[in-house]
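Working notes, structure below.
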Amino acid sequence: MLKIRKVQLQKKLKIECGDRIALTPTMGWNSWNCFGHEVSADKVKRAADALIKSGLINHGWNYINIDDSWQYNRDGKDPSFHGKMRDENGYILTNSKFPDMKGLADYMHNNGLKMGIYSSPGPWTCGGCAGSYGYEKQDAESYAKWGVDYLKYDWCSYGGVIDGLPDNDPNKVPSLAFQGGGDPDKGVKPFQLMGSLLKQQPRDIVYNLCQYGMGDVWKWGDEVNAQSWRTTNDITDTWSSVKNIALAQDKAAPFAKPGNRNDPDMLVVGVVGWGNPHQSRLKPDEQYLHMSLWSIFSAPLLIGCDLEKLDDFTLNLLTNDEVIAVNQDALGKQGVCLQTIGELRIYVKELEDGSKAVAFANFGREKVTMSYKDFKKLEISGVQTVRDLWRQKDIAEINTDKKGLSLDIPAHGVAYYKFISLK
Ligand code: GLA
């Protein structure tokens, strides 16, 4: 019989001061997966309002990040564009959809939120807007002046700088510097430059590198003052995208620690679409697996959906405090796969209180039904309470040296548990 265990309803709040920032993974929203280039200040404000109204803010979600397309685009189509991307001193101009960046950041701060922005070390962003190349100092100063709290710095056209292509050739196809034996130092340099400029600003600005994992970014991201870095290519709302990204995370795991996160890209639950809104094509079980793995990976959690169109299922996925607590755990480790049985992969993350989060992730097309006994492989032993994190319920108390745990995991689904040792 399962004994009733006292669940702690109080938590100690630990405040750590010092040079290192973003000690726990960033949680918030980003405009890209939802609005793509159709983003505007009005839509961003409405996302902030919806984040508050839906109650997401009470579960730790607090960054509102503007992705590409707040700057002028080289297509020159913006009605207010008069041939200049920057003022006479090199300070960047915002396009007509973002008339007042400082006002927008104030709006976020007055509502208990933070604001993020996006740029590229190259002359152009991936969407063809003005990047920071040659104007890094002015850009870092603008972000600080506006009150920006987070920068996503995206490789995009920087390969062209390395290749010596003309800065403003709109037809260039920039190379990926690290691939094909490029000089890795050349690819580190632009991130180093912006990292040191951000550090010189009179406010903390969380720095996210977006260069898709080139040159093993997890090995040097910390040295360029970044707090997180994308490890893989852009996510889409398909099972193969989520699966391939998930399977590529373990190599970077040893480099995760408080203030340093591997970023497998943003969440693709809810209404997404990069400007063409539709319900995520991930099935419900796939969404549980996606959220569980991003939780156990200690990944930055950035919602990518239209927050004004949140349905109950998506809201529940995003507001499970026990699933979020594993992601935010202060020990800061990244869960890794310790065992593979067919297409079942078992991820384990050590937590600060000595317990372990375990995600039994079924990547296969058949459901998995078994009595699981290999606890030694997971470095789990003795008597344990098994808590189902999604259901927020203790489901078993077993002596893992002697007894098995029955698993019944749907195709592309997950069982996300916490093992608490009963000493
Ligand atoms: C790249 C990034 C995306 C997004 C777009 C914007 O593709 O990986 O996350 O920022 O650029 O153009």
Side-chain angles (χ1 to χ4, degrees), residues 26 28-40 43-44 47 63-75 77-78 85 92 94-95 97-98 115-133 139 143 148 150-160 170 172-179 187 190-191 194 206-215 217-218 221 226 228-238 241-242 244-245 248-249 252 261-269 272-276 280 290 294 299-305:
T26 306
W29 174 88
N30 171 295
S31 60
W32 182 248
N33 289 358
C34 148
F35 299 127
H37 295 296
E38 306 302 316
V39 66
S40 67
K43 285 181 181 166
V44 167
Y63 280 80
I64 295 286
N65 292 353
I66 307 160
D67 210 275
D68 207 352
S69 273
W70 57 268
Q71 322 86 325
Y72 279 121
N73 196 294
R74 64 184 170 206
D75 66 12
K77 285 189 189 148
D78 191 300
M85 307 260 174
I92 192 150
T94 53
N95 66 32
K97 295 182 297 168
F98 288 88
M115 191 172 92
I117 213 164
Y118 166 96
S119 189
S120 167
W124 305 109
T125 66
C126 296
C129 295
S132 296
Y133 183 62
D139 282 1
Y143 305 151
V148 166
Y150 182 106
L151 172 68
K152 170 175 171 184
Y153 208 41
D154 193 352
W155 181 258
C156 304
S157 62
Y158 193 81
K172 72 188 170 194
V173 183
S175 68
L176 297 175
F178 296 107
Q179 288 169 3
F191 292 107
M194 184 53 92
V206 175
Y207 186 31
N208 171 260
L209 313 184
C210 179
Q211 45 83 288
Y212 337 113
M214 292 185 287
V217 60
W218 43 90
S228 59
W229 37 81
R230 278 269 297 280
T231 48
T232 29
N233 284 327
D234 288 22
I235 198 165
T236 58
D237 57 324
T238 60
S241 170
V242 169
N244 291 335
I245 288 177
Q249 297 308 311
R261 305 288 160 197
N262 295 305
D263 175 6
D265 207 358
M266 301 170 288
L267 298 169
V268 279
V269 300
V272 292
W274 299 265
N276 296 304
S280 171
H290 175 31
W294 268 234
L301 295 177
L302 288 168
I303 301 171
C305 70

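Counting convention: from 1, in listed order, for ligands and their atoms alike. A quick note: this is a predicted structure, and the numbers were derived from the prediction, not measured.
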Quiz item: Regarding Asp263 and Ser228, is there a side-chain donor-to-acceptor distance under 3.5 Å anywhere?
Solution: no

Exercise. Only counting residues at least two apart or in another chain, list the ones meeting ring pair (Phe, Tyr, Trp, His ring centres under 6.0 Å) with Tyr118.
Key: none

Quiz prompt | Amino acids contacting ligand 1, non-hydrogen cut-off under 4.0 Å | solution = Trp32, Asp67, Asp68, Tyr118, Cys126, Gly127, Lys152, Asp154, Cys210, Tyr212, Arg230, Asp234

Quiz item: Using a distance-only test with no angle check, is there a side-chain donor-acceptor pair under 3.5 angstrom linking Asp154 and Tyr212?
Solution: yes

Quiz item: Between Thr125 and Gln71, do the side chains contain an N or O donor and an N or O acceptor separated by less than 3.5 Å?
Solution: no

Practice problem: Establish, yes or no, whether a centroid distance under 6.0 Å links the rings of His37 and Trp32. | Solution: yes

Quiz prompt | Residue pair Asp67 / Ser31, side-chain donor-acceptor N/O under 3.5 Å | solution = no

